[in-house]
Amino acid sequence: MRLPLPPNPLKRGEASVPNWLGAPIKALGPGSVSSVLKVVLDVAYILLWLLTGVLLLLVIAAIFIPLDNVNITVSGDSGGKQLPLTRTLLLFGLGAATAYFGGFMLILRSLRRIIRTLTMGDPFQPDNVRRLRQIGLTLAVVTGGVWVAQGFVAKRLAPGVMDPQGFGELLTPIFSVLIVFVLAEVFREGARLRRESELTI
């Protein structure tokens with residue numbers, strides 16, 4: 001005699017992660033870990049959007065601010081060096097910071113939309129493949145921009161004070177970008193399998 005199997009407490013499209021203290025914690029769907037993560041990303045996105053907006057206003061204001069007899073100190077491992085704060089240097093610094101935080105704001109925007117599909121219990125959507133590729137491309141551009149900007153500052157603006165980044169310091173960011181693109185392919189395959197199963201049904 002075969003005993004009946006207990007009903008599955010999870011609905012279709014939901015997943016859970018084990019909780020060693022008791023009942024399992026849902027990873028997908030309403031009231032899950034992804035819902036909490038969505039709230040955190042929403043708050044971080046708003047703060048980053050405000051910071052980027054303030055920096056953009058500072059870039060515009062820097063065009064008109066008088067900079068007579070203003071110096072800045074650039075410090076590094078070998079000490080510090082005072083440089084006159086020129087309008088070009090100010091615009092370069094503010095523009096680089098605006099582009100940096102703006103890039104991460106774009107990453108968070110795509111990531112929020114991906115997390116939104118997780119809270120709906122339907123992560124394998126074709127749009128998520130495009131969003132992951134956008135995240136990987138933006139992360140690559142931001143990483144390359146930081147590397148070029150730091151090398152420019154080290155060689156042109158503060159030679160002998162700051163050391164330019166070596167290629168070895170790019171290994172971790174490059175590895176992160178590759179992981180994002182691999183995840184995009186995993187989501188693409190998942191979306192294809194889901195589409196084939198829907199056509200079969």
Just how far is it from atom [atom1] of [X] to atom [atom2] of [Y], taken to the nearest 0.5 Å?
{"X": "Leu118", "Y": "Asn128", "atom1": "CG", "atom2": "CG", "answer": "7.0 Å"}
{"X": "Leu48", "Y": "Leu106", "atom1": "CG", "atom2": "CG", "answer": "9.5 Å"}
{"X": "Ile46", "Y": "Arg112", "atom1": "CD1", "atom2": "CZ", "answer": "7.0 Å"}
{"X": "Leu193", "Y": "Phe124", "atom1": "CG", "atom2": "CZ", "answer": "8.5 Å"}

Is there a path from [X] to [Y] through hydrophobic residues (I, L, V, M, F, W, Y) whose side chains come within less than 4.5 Å of each other?
{"X": "Leu51", "Y": "Leu91", "value": "yes"}
{"X": "Leu108", "Y": "Ile179", "value": "yes"}
{"X": "Ile115", "Y": "Val186", "value": "no"}
{"X": "Phe104", "Y": "Leu137", "value": "no"}
{"X": "Trp49", "Y": "Val40", "value": "no"}

Can you check whether [X] reaches [Y] side chain to side chain, under 4.5 Å on heavy atoms?
{"X": "Ser176", "Y": "Leu139", "result": "yes"}
{"X": "Arg133", "Y": "Arg188", "result": "yes"}
{"X": "Ile114", "Y": "Ile135", "result": "yes"}
{"X": "Arg131", "Y": "Thr117", "result": "yes"}

For Tyr100, I'd like to know if atom OH has over 12 heavy atoms of other residues, nucleotides or ligands within 6.0 Å.
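Open: at most 12 neighbouring heavy atoms sit under 6.0 Å from OH of Tyr100.
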If you compare all heavy atoms of [X] against all heavy atoms of [Y], which two are closest, and at what distance to 0.1 Å?
{"X": "Thr138", "Y": "Gly103", "value": "CG2-O, 3.4 Å"}
{"X": "Gln125", "Y": "Ala191", "value": "C-CB, 4.3 Å"}
{"X": "Leu90", "Y": "Ala62", "value": "CD2-CB, 3.6 Å"}

With a 4.0 Å cut-off, would you call Arg192 and Glu185 a salt bridge?
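Glu185 and Arg192: not salt-bridged.
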Carboxylate-amine/guanidinium proximity below 4.0 Å for Arg113 and Asp127
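Salt bridge flag = no for Asp127 with Arg113.
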Would you please name every residue forming a side-chain contact (heavy atoms from CB on, under 4.5 Å) with Leu58, sequence neighbours left out?
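side-chain contact (heavy atoms from CB on, under 4.5 Å) check on Leu58 returns Val54, Leu55, Leu94.
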Running the 4.5 Å side-chain criterion over Ile, Leu, Val, Met, Phe, Trp and Tyr, what cluster does Leu56 land in, apart from itself?
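Reading the cluster by chain and number, Leu56 sits alone, since nothing else belongs.
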Would you say the side-chain atoms of Arg116 pair up with the backbone N or O of Lys38, donor to acceptor, closer than 3.5 Å?
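Such a contact is absent between Arg116 side chain and Lys38 backbone.
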